[in-house]
Amino acid sequence: MENRHKDLGLSNEKLLQMYETMLLSRRIDERMWLLNRSGKIPFVISCQGQEAAQVGAAFALDPEKDFALPYYRDVGVVLTFGMTAKELMLSGFAKAEDPNSGGRQMPGHFGQKKNRIVTGSSPVTTQVPHAVGLALAGKMEGKDLVTFVTFGEGSSNQGDFHEGANFAGVHKLPVIFMCENNKYAISVPIEKQLGCAKVSDRAIGYGMPGITVDGNDPLEVYKVTKEAVDRARKGEGPTLIETVSYRFTAHSSDDDDRVYRTQDEVTEAKTKDSIVTFAEYLKHFGILTDEMEIAMNDRIMSIVNEATDYAENAPYADPESALKYVYGEE
Ligand SMILES: Cc1ncc(C[n+]2csc(CCOP(=O)(O)OP(=O)(O)O)c2C)c(N)n1
Ligand SMILES: [Mg+2]
């Protein structure tokens with residue numbers, strides 16, 4: 001096995017933190033499905049299969065300075081930026097204490113001011129022009145900030161992506177556009193989505209570098225994102241990164257993927273599951289041991305259990321507060 005972390009400047013501790021964040025994302029997501037199927041929470045939209053891309057990229061940013069404009073699957077991004085398992089569960093249960101929206105929005109609509117996670121909207125890709133505008137404001141005010149925006153490959157066909165990418169290219173703004181290509185947009189497979197071979201091919205049209213990487217390899221994603229962050233901080237402008245992985249679950253808890261893809265295809269994709277392959281990698285280099293892995297999983301399961309119990313027992317928002325933040329108040 002080739003050493004891919006040697007030149008990345010990541011300590012063993014950081015590599016383990018990366019893996020732990022990926023595993024926590026997976027375990028939260030798995031719990032959400034159980035809660036959904038037992039009728040306790042209304043909706044799940046999964047990160048499963050995309051944890052390596054999300055965590056690998058987010059680790060290359062500075063959560064003290066930079067802003068994340070995530071999309072609905074980005075559990076790994078928001079956890080890295082400081083959102084907690086408990087907060088994600090509060091959102092799943094739509095409770096008053098949910099920091100994203102006080103239980104008003106569907107899960108996956110992340111937003112948390114203190115952690116520099118910018119709230120998004122349900123129409124896909126609206127976060128892209130927001131990220132570009134925020135980067136422009138940062139540049140005009142002379143601030144050292146990078147905006148990191150993610151979206152699916154289906155969403156890269158929306159006008160918002162093209163307009164935002166062009167503006168960022170013209171004005172050399174510090175934006176990292178990351179397309180999490182999971183090969184489906186609900187039931188539409190990748191070959192029916194794009195006229196070009198790769199999403200990253202679009203970058204040249206907007207005057208920025210475009211890179212496609214293995215989205216199952218957190219180190220490769222970290223590396224290209226770090227380079228993009230360095231370029232952005234030096235005033236050299238935006239980058240488009242495409243991470244290729246696979247959506248392991250149905251589109252959401254309201255979708256039945258058996259009607260448009262084969263189980264064999266899903267099983268085949270799962271042989272590249274980063275939760276398995278990154279653990280193998282860390283073990284190969286003696287960074288993770290079987291004992292450490294068991295302890296890590298136990299620690300994560302107690303976090304997920306506590307978060308579930310807390311959120312399940314937390315109060316709902318007062319019905320009287322439904323119009324708060326909708327109309328101005330005296
Ligand atoms: C503008 C807009 N059109 C359609 C939808 C419905 N919709 C929600 S998610 C989705 C698929 C997006 O696919 P992709 O961008 O590949 O992201 P993925 O879900 O695969 O991560 C669609 C069509 C929407 N939310 N907004
Ligand atoms: Mg997709």
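First listed ligand is number 1; within each ligand, the first listed atom is number 1. These numbers were taken from a predicted model, which means no experiment stands behind them.
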### Gln193-ligand 1 polar pair, N/O distance under 3.5 Å
no
### Task
Step through the shown structure and confirm whether more than 12 heavy atoms of other residues, nucleotides or ligands are within 6.0 Å of CZ on Phe43.
yes
#### Entry: Residues Lys283 and Glu293 bridged, charged N to O under 4.0 Å
yes
### Query
Does some non-hydrogen atom of Arg247 fall short of 4.0 Å from ligand 1?
no
### Query
Any idea which protein heavy atom is nearest atom 7 (N) of ligand 1, and the distance to it?
Ile186 CD1, 4.0 Å
### Task
Could you walk me through whether Asn305 and Tyr310 pass side chain to side chain donor-acceptor pair (under 3.5 Å), step by step?
CA-CA 9 Å; Asn305 288 337; Tyr310 184 90; over 6 Å; no
### Message
Suppose we only count N/O/S atoms under 2.8 Å; would Asn182 qualify as near the Mg ion (ligand 2)?
### Response
yes
### Task
Could you tell me whether any N, O or S atom belonging to Glu180 is less than 2.8 Å from the Mg ion (ligand 2)?
no
### Message
Quick check on atom 5 (C) of ligand 1 - does any protein heavy atom sit closer than 4.0 Å to it?
### Response
no
### Message
Tell me whether Asp273 is salt-bridged to Arg26, with the criterion being a basic N under 4.0 Å from an acidic carboxylate O.
### Response
yes
### Val124 N/O to ligand 1 N/O under 3.5 Å
yes
### Query
When you look at His5 and Tyr222, which way does the ring-ring contact (aromatic ring centres under 6.0 Å, His included) test go after all the steps?
CA-CA 10 Å; His5 64 279; Tyr222 174 85; over 10 Å; no
### Query
Just by distance, with hydrogens left out, do Gln193 and Tyr184 show a side-chain donor and acceptor under 3.5 Å apart?
no
### Task
Would you verify that at least one protein heavy atom lies under 4.0 Å from atom 1 (C) of ligand 1, or report that none does?
yes
### Query
Do Phe161 and Phe151 pass the ring-ring contact (aromatic ring centres under 6.0 Å, His included) test, and can you show the C-alpha distance, the side-chain angles, and the key distance before you say yes or no?
CA-CA 9 Å; Phe161 164 73; Phe151 46 90; 5.3 Å; yes
### Query
Mind checking whether Phe151 has a heavy atom under 4.0 Å from ligand 1?
no
### Message
Less than 4.0 Å is my threshold; does some heavy atom of Gln158 fall inside it relative to ligand 1?
### Response
yes
### Message
Starting from atom 9 (S) of ligand 1, what is the nearest protein heavy atom, named by residue and atom, and what distance separates them?
### Response
Tyr72 OH, 3.1 Å
### Query
Is there an N/O/S atom in Tyr184 at a distance below 2.8 Å from the Mg ion (ligand 2)?
yes
### Query
ligand 1 and Glu153, any nitrogen or oxygen pair closer than 3.5 angstrom?
yes
### Task
For Pro123, counting its heavy atoms only, list the atoms of ligand 1 lying under 4.0 Å from any of them.
26 (N)
